[in-house]
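To start, the structure itself, in structure tokens.
Lettering follows sequence order; numbering is per chain, from 1.
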Amino acid sequence: NAGVMQNPRHLVRRRGQEARLRCSPMKGHSHVYWYRQLPEEGLKFMVYLQKENIIDESGMPKERFSAEFPKEGPSILRIQQVVRGDSAAYFCASSLQETEVNTEAFFGQGTRLTVV
Amino acid sequence: DAKTTQPNSMESNEEEPVHLPCNHSTISGTDYIHWYRQLPSQGPEYVIHGLTSNVNNRMASLAIAEDRKSSTLILHRATLRDAAVYYCTGGNYKLTFGKGTLLTVNP
């Protein structure tokens, strides 16, 4: 059973370009979470999705950031018109149920975005 | 989400037990306490979680205070591979982590 797969592992974008980060959850998992980790900081929740639904996007910046988890295919975190401050590691996690219930979340290896 | 407080760093010797504390005084009565760890350049890895009772698994033990305002992650015999940043978090799916505790294991 493959773990949570994120790609690309490293992404370099120039200011103003778009960044697309992909996450394939573990097989059978229908809950996906995106997190951002800035250098020397802890993990910050961004968005929680289930198939075709955004459940909670309270941690996502209001502009330039969007996320989706379509019926088929991976979850996508999209950052438009990237700026230097978007440089960070972005982690995706998946779970069978909501992690407030008695379950654990499995994390991917992350995508390290560098904006130059 | 519960606000958590952990020491910035701790040090241990190989093969010795390690007790990693976490204060989560604002945790609600129904929130689980989760522990994750993160090795350099890796994603966080689940360690253990619990609600009220102490919990054991193959990786660690979790001791939860009776008032649930604090918990302690116990690594019974630290190995070099246990060197990581350990995060505790209480709350729901948001699993927001603070800066965690950097555990150094000396050979």
* **Transitive ILVMFWY side-chain link Tyr35(A) to Ile55(A), under 4.5 Å** => yes
* Asked: Between Gly100(B), Ser41(B), Gly98(B), which shows the greatest number of heavy-atom pairs under 4.5 Å with chain A?
  -> Ser41(B)
* Asked: Tyr33(A), Leu113(A): one ILVMFWY side-chain cluster at the under-4.5 Å cut-off?
  -> no
* Rounded to the nearest 0.5 Å, what's the gap from CD on Gln42(B) to CZ on Phe107(A)? Could you check? => 13.0 Å
* Report the distance from atom CD of Gln38(B) to atom CZ of Phe91(A), rounding to the nearest 0.5 Å. => 5.0 Å
* Report yes or no: do Val82(A) and Val12(A) belong to one cluster of Ile/Leu/Val/Met/Phe/Trp/Tyr joined by side chain heavy-atom distances under 4.5 Å? => no
* Who passes ring-ring contact (aromatic ring centres under 6.0 Å, His included) against Phe97(B), sequence neighbours left out? -> Tyr36(B), Tyr87(B)
* Which atoms of Gln6(A) come close to chain B, meaning under 4.5 Å heavy atom to heavy atom: side chain ones, backbone ones, both, or neither? -> neither
